[in-house]
Student: 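Take this structure, written in structure tokens, and hold onto it; I'll ask about it next.
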Amino acid sequence: MKSIGLYCFSGTGNTYIVAKAMEEAFIKRGCEVSLNSMEMPVDLNKDMVGLVFPVAIQSTFPNVWEFVNKMPQSEGQRVFVVDTMEAFSGGVIGPMKKMLIKKGYKCVGAKELKMATSMQTSEKKVAEGLSKNEKAIVDISDFVEALLSGETTWRRVPLLSDWMRSISRNRKIWTDMSKKIEVRHDVCVGCGLCVRNCPVKAIDFPDKRIMLNHDKCICCMRCVNYCPKNAFTLGGKEVYQKKVEGFMQSVNK
Ligand SMILES: Cc1cc2nc3c(=O)[nH]c(=O)nc-3n(C[C@H](O)[C@H](O)[C@H](O)COP(=O)(O)O)c2cc1C
């Protein structure tokens with residue numbers, strides 16, 4: 001029996017859907033799986049370790065890079081990555097491979113899946129997202145099959161991907177994007193759900209009044225998507241929340 005350690009970060013739930021589907025696909029094929037959040041330390045006593053996370057700014061969120069940076073040195077631990085994105089990445093798969101190889105990991109497979117956008121501000125986007133998510137579930141099961149039979153690859157385009165990754169290193173990009181998120185204080189009921197579930201503690205709550213700290217926010221959109229009153233707007237527009245079943249319970253564990 002193969003043992004698999006999955007480490008997942010998800011902002012709005014797409015990546016959680018994929019991680020759960022992977023867990024199920026591995027178990028179906030006789031593997032033992034532990035599904036963890038990216039707050040847990042990586043256990044190297046596994047046959048394979050998998051990192052599952054969303055694409056952001058053609059790369060991924062700063063907290064995901066921090067997690068990879070903190071992963072222990074290894075002597076040939078097999079690792080794979082799966083990222084979810086709306087359309088295109090470029091600055092994640094290659095640079096992450098480089099980083100993991102430096103840490104002594106054996107990079108066995110990488111898969112990118114197109115899914116719903118985290119920023120659903122039109123009905124068209126909602127419909128597109130639903131069909132992309134359905135396809136992603138099928139694709140991830142095929143990827144699991146290929147991983148177990150050793151048929152996956154992890155390519156790297158050195159110069160271009162390193163350059164694309166470098167764009168997301170600039171904190172200003174995240175701060176500027178965060179400024180598009182606004183709270184409608186007349187709609188907010190001060191329940192504090194967003195405060196408790198922000199992965200980078202970027203929401204302050206003085207006198208039950210939500211204050212986004214744009215210098216800390218990574219724009220993962222969790223607060224926007226799961227607000228019970230839909231009190232946040234994005235670029236002045238209301239968001240069509242997607243509220244993936246089971247996701248908030250999983251981050252509240
Ligand atoms: C701040 C931000 C930046 C994003 N940048 C990209 C991008 O560069 N390319 C892309 O294809 N999708 C991008 N997306 C879309 C997400 O990668 C995609 O919706 C992902 O599946 C979200 O996963 P989650 O629901 O687990 O958070 C971005 C989303 C956010 C919130």
Side-chain angles (χ1 to χ4, degrees), residues 1-38 46-56 58-61 64 78-94 96-97 107-120 122-157 220-222 225-226 240-251:
M1 185 197 273
K2 284 205 164 123
S3 58
I4 315 289
L6 294 177
Y7 295 85
C8 169
F9 172 69
S10 181
T12 66
N14 286 342
T15 315
Y16 172 74
I17 295 176
V18 166
K20 288 298 283 180
M22 290 190 87
E23 180 186 41
E24 198 182 307
F26 275 120
I27 291 173
K28 207 168 129 189
R29 289 163 179 83
C31 301
E32 182 222 339
V33 186
S34 72
L35 173 54
N36 310 280
S37 82
M38 281 195 172
K46 300 281 178 190
D47 292 308
M48 270 194 280
V49 162
L51 312 178
V52 197
F53 52 84
V55 166
Q58 315 285 297
S59 171
T60 186
F61 294 104
V64 175
R78 291 155 67 83
V79 63
F80 60 87
V81 298
V82 173
D83 68 46
T84 73
M85 59 184 183
E86 184 184 353
F88 179 71
S89 74
V92 57
I93 295 291
M96 203 168 278
K97 181 175 186 184
C107 297
V108 294
K111 178 79 183 167
E112 304 205 279
L113 298 163
K114 287 190 185 164
M115 294 191 81
T117 176
S118 328
M119 306 179 199
Q120 299 190 140
S122 73
E123 280 182 20
K124 189 171 162 251
K125 290 270 180 201
V126 178
E128 265 174 26
L130 285 171
S131 69
K132 281 185 186 170
N133 284 11
E134 266 174 34
K135 184 172 182 304
I137 302 291
V138 176
D139 289 353
I140 203 59
S141 175
D142 293 347
F143 180 69
V144 164
E145 180 81 49
L147 265 176
L148 291 173
S149 47
E151 287 163 14
T152 49
T153 53
W154 186 336
R155 293 206 180 85
R156 168 173 158 73
V157 187
C220 72
M221 302 293 152
R222 192 180 288 168
N225 255 286
Y226 289 90
Y240 291 79
Q241 296 175 307
K242 55 177 180 256
K243 297 198 174 170
V244 168
E245 211 180 308
F247 173 54
M248 285 302 260
Q249 288 94 303
S250 83
V251 292

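Note that the numbering runs from 1 along the sequence shown for the chain. Just so it is clear, the model here is predicted, and its values are computed rather than measured.
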Student: I'd like to check the side chain to side chain donor-acceptor pair (under 3.5 Å) partners of K20; sequence neighbours left out, ordered by chain and number.
Tutor: E23

Student: Applying side chain to side chain donor-acceptor pair (under 3.5 Å), name anything that partners S122, two or more places apart in sequence or on another chain.
Tutor: none

Student: Among all residues two or more places apart in sequence or in another chain, which pass the side-chain contact (heavy atoms from CB on, under 4.5 Å) test with A127?
Tutor: none

Student: Using atom types as modelled, flag every donor-acceptor pair under 3.5 Å from a side chain in residues 107-115 to any protein atom, sequence neighbours excluded.
Tutor:
unit_1, atom_1, unit_2, atom_2, d
E112, OE1, S89, OG, 3.1
E112, OE2, S89, OG, 2.6

Student: Donor-acceptor pairs under 3.5 angstrom involving side-chain atoms of residues 2-11: please list them, not counting sequence neighbours.
Tutor:
unit_1, atom_1, unit_2, atom_2, d
S3, OG, D47, N, 3.2
S3, OG, D47, OD2, 3.4
Y7, OH, D43, N, 2.9
S10, OG, G13, N, 3.0
S10, OG, Y16, N, 3.4

Student: For N14, enumerate each residue passing the side chain to side chain donor-acceptor pair (under 3.5 Å) test, keeping only those at least two apart in sequence or located in another chain.
Tutor: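 Per chain and number, N14 pairs via side chain to side chain donor-acceptor pair (under 3.5 Å) with N133.
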
Student: The criterion is salt bridge (charged side-chain N to carboxylate O under 4.0 Å, His left out); which residues satisfy it with E145, sequence neighbours excluded?
Tutor: R29

Student: Restricting to side-chain contact (heavy atoms from CB on, under 4.5 Å), what partner residues turn up for E245, sequence neighbours left out?
Tutor: none

Student: Give every residue pair that meets the salt bridge (charged side-chain N to carboxylate O under 4.0 Å, His left out) criterion with at least one member in residues 4-13, sequence neighbours excluded.
Tutor: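 Qualifying pairs: none.
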
Student: Can you sort out the partners of K242 under side chain to side chain donor-acceptor pair (under 3.5 Å), two or more places apart, ordered by chain and number?
Tutor: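 Partners of K242 by the side chain to side chain donor-acceptor pair (under 3.5 Å) criterion, ordered by chain and then number, come out as T12.
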
Student: Sequence neighbours left out, what passes side-chain contact (heavy atoms from CB on, under 4.5 Å) with E86? Give chain and number order.
Tutor: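 side-chain contact (heavy atoms from CB on, under 4.5 Å) check on E86 returns T117, K125, K132.
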
Student: Answer yes or no: is there a donor N or O on one side and an acceptor on the other, between the side chain of W154 and the main chain of I93, under 3.5 Å?
Tutor: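 Pair found, side chain donor or acceptor close to backbone of I93.
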
Student: With sequence neighbours left out, write down each residue that passes ring-ring contact (aromatic ring centres under 6.0 Å, His included) with Y226, or none if nothing qualifies.
Tutor: F247

